[in-house]
**Q** 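Quick one: the structure is below, questions incoming.
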Amino acid sequence: RYQLVNAAAARLLGIDRDAVIGHTDDELFGSEASAARRARDQAVLATGETRRYWRTITVGDADRTLSVVKTPFRDRSGAIVGLIGTVRDETAVRRLEEETTRFFDLAPDMLCTAGANGRLERVNDAWTGVLGWTPEELRSRPLIDFVHPDDRARAGREIEQMFSGMIDG
């Protein structure tokens, strides 16, 4: 049963906040709609581990992408006595990620990301167009391999500084 619901969650669900308190998912959304929710809740209660999942719901004419985090709620002795659910509307963030991905993929400049292990993780089409290698071939090589031999010592120091957070690029 819901013990507390904030105004933002009630607004997102299109339900009067006071009408939620004391009710179960079945009572609010019907058995079929709440079955998957109940299974995820049971998994958190059984394992005591926080879980996150994504949902897409339709509000009016628009689809909304939600991030849902379920965390066990414990009493002072550490026993699980319930759940805390945190729901965030991630629609704008997802849209921005999609736009950023499009920009990255379509940029005429050679754009890449590299992991802390010094290897390329993601390359755009400009890399393959300029160098003639597949993305898999590019990702199999350390980033330093793409630096001119005369510049590798300096570039190596700069890469180490970047990964340690001393510089940002």
**Q** Is there a side-chain contact between Ile57 and Leu66 (heavy atoms, below 4.5 Å)?
**A** yes
**Q** What is the minimum heavy-atom distance between Arg51 and Thr47, and which atoms define it?
**A** NH2-CG2, 3.5 Å
**Q** State plainly whether one hydrophobic cluster holds both Met162 and Leu111, where clusters connect Ile, Leu, Val, Met, Phe, Trp and Tyr through side-chain heavy atoms under 4.5 angstrom apart.
**A** no
**Q** How long is the gap from CZ on Arg102 to OG1 on Thr100, to the nearest 0.5 Å?
**A** 9.0 Å
**Q** For Val147 and Arg152, work out which heavy atoms get closest and say how close.
**A** O-NE, 2.8 Å
**Q** Please step through side-chain contact (heavy atoms from CB on, under 4.5 Å) for the pair Val5 and His23, ending with a clear verdict.
**A** CA-CA 11 Å; Val5 175; His23 292 280; over 6 Å; no
**Q** Do Asp26 and Arg38 have side chains that approach each other closer than 4.5 Å (heavy atoms only, starting at C-beta)?
**A** yes
**Q** Could you tell me whether the side chain of Thr24 and the main chain of Glu27 form a donor-acceptor pair under 3.5 Å?
**A** yes
**Q** Heavy atoms, side chains only, cut-off 4.5 Å: are Glu97 and Glu90 in contact?
**A** no
**Q** Would you say Arg139's side chain and Arg119's backbone share a donor-acceptor pair under 3.5 angstrom?
**A** no
**Q** How about Arg88 and Val93: do any of their side-chain heavy atoms sit closer than 4.5 Å?
**A** no
**Q** Can you find a heavy atom in the side chain of Thr91 that is under 4.5 Å from one in the side chain of Arg94?
**A** no
**Q** What verdict does the side-chain contact (heavy atoms from CB on, under 4.5 Å) test give for Val20 and Leu28, after you've listed the backbone C-alpha separation in whole Å, the side-chain angles of each residue and the deciding distance to 0.1 Å?
**A** CA-CA 7 Å; Val20 175; Leu28 295 169; 3.8 Å; yes
**Q** Could you give all pairs that pass the salt bridge (Lys or Arg N to Asp or Glu O under 4.0 Å) test and reach residues 56-71, with sequence neighbours left out?
**A** Asp41-Lys70, Arg64-Asp89
**Q** Side-chain heavy atoms nearer than 4.5 Å, only ILVMFWY residues, links allowed to pass through others: does that put Val87 and Leu83 together?
**A** no
**Q** Of the non-hydrogen atoms in Pro72 and Thr50, which two are nearest, and what is the gap between them?
**A** CD-OG1, 3.8 Å
**Q** Can you get from Val130 to Leu120 by hopping between Ile, Leu, Val, Met, Phe, Trp and Tyr side chains that sit under 4.5 Å apart?
**A** yes
**Q** Hey, could you give me the SG/CG distance between Cys112 and Leu138, rounded to the nearest 0.5 Å?
**A** 9.5 Å
**Q** Which heavy atom of Ala107 sits nearest to which heavy atom of Asn124, and what is that distance?
**A** O-ND2, 3.4 Å
**Q** According to a 4.5 Å side-chain heavy-atom criterion applied to Ile, Leu, Val, Met, Phe, Trp and Tyr, with indirect links allowed, do Ile84 and Val81 form part of one hydrophobic cluster?
**A** yes
**Q** Could you report the tightest heavy-atom contact between Val123 and Phe104, atom names first, then the distance?
**A** C-CE2, 3.9 Å
**Q** Do Val44 and Arg40 have side chains that get closer than 4.5 Å, going by heavy atoms?
**A** no
**Q** Given the rule that I, L, V, M, F, W and Y join up when any side-chain heavy atoms are under 4.5 Å apart, are Ile159 and Met110 in one cluster?
**A** yes
**Q** Assess whether atom CZ of Arg74 is packed by more than 12 heavy atoms of other residues, nucleotides or ligands within 6.0 Å.
**A** yes
**Q** Counting heavy atoms not belonging to Glu32, are there more than 12 under 6.0 Å from its CD?
**A** no
**Q** Let me confirm one number: the CD-CG distance from Glu158 to Asp151, rounded to the nearest 0.5 Å.
**A** 9.0 Å
**Q** Which residues pass the side-chain contact (heavy atoms from CB on, under 4.5 Å) test with Arg141, sequence neighbours left out?
**A** Trp133, Asp145, Phe146
**Q** Minimum heavy-atom separation for Gly48 and Ile80, please, with both atom names.
**A** CA-CD1, 3.6 Å
**Q** Should we say atom OH of Tyr53 is surrounded by more than 12 heavy atoms from elsewhere, each under 6.0 Å from it?
**A** yes
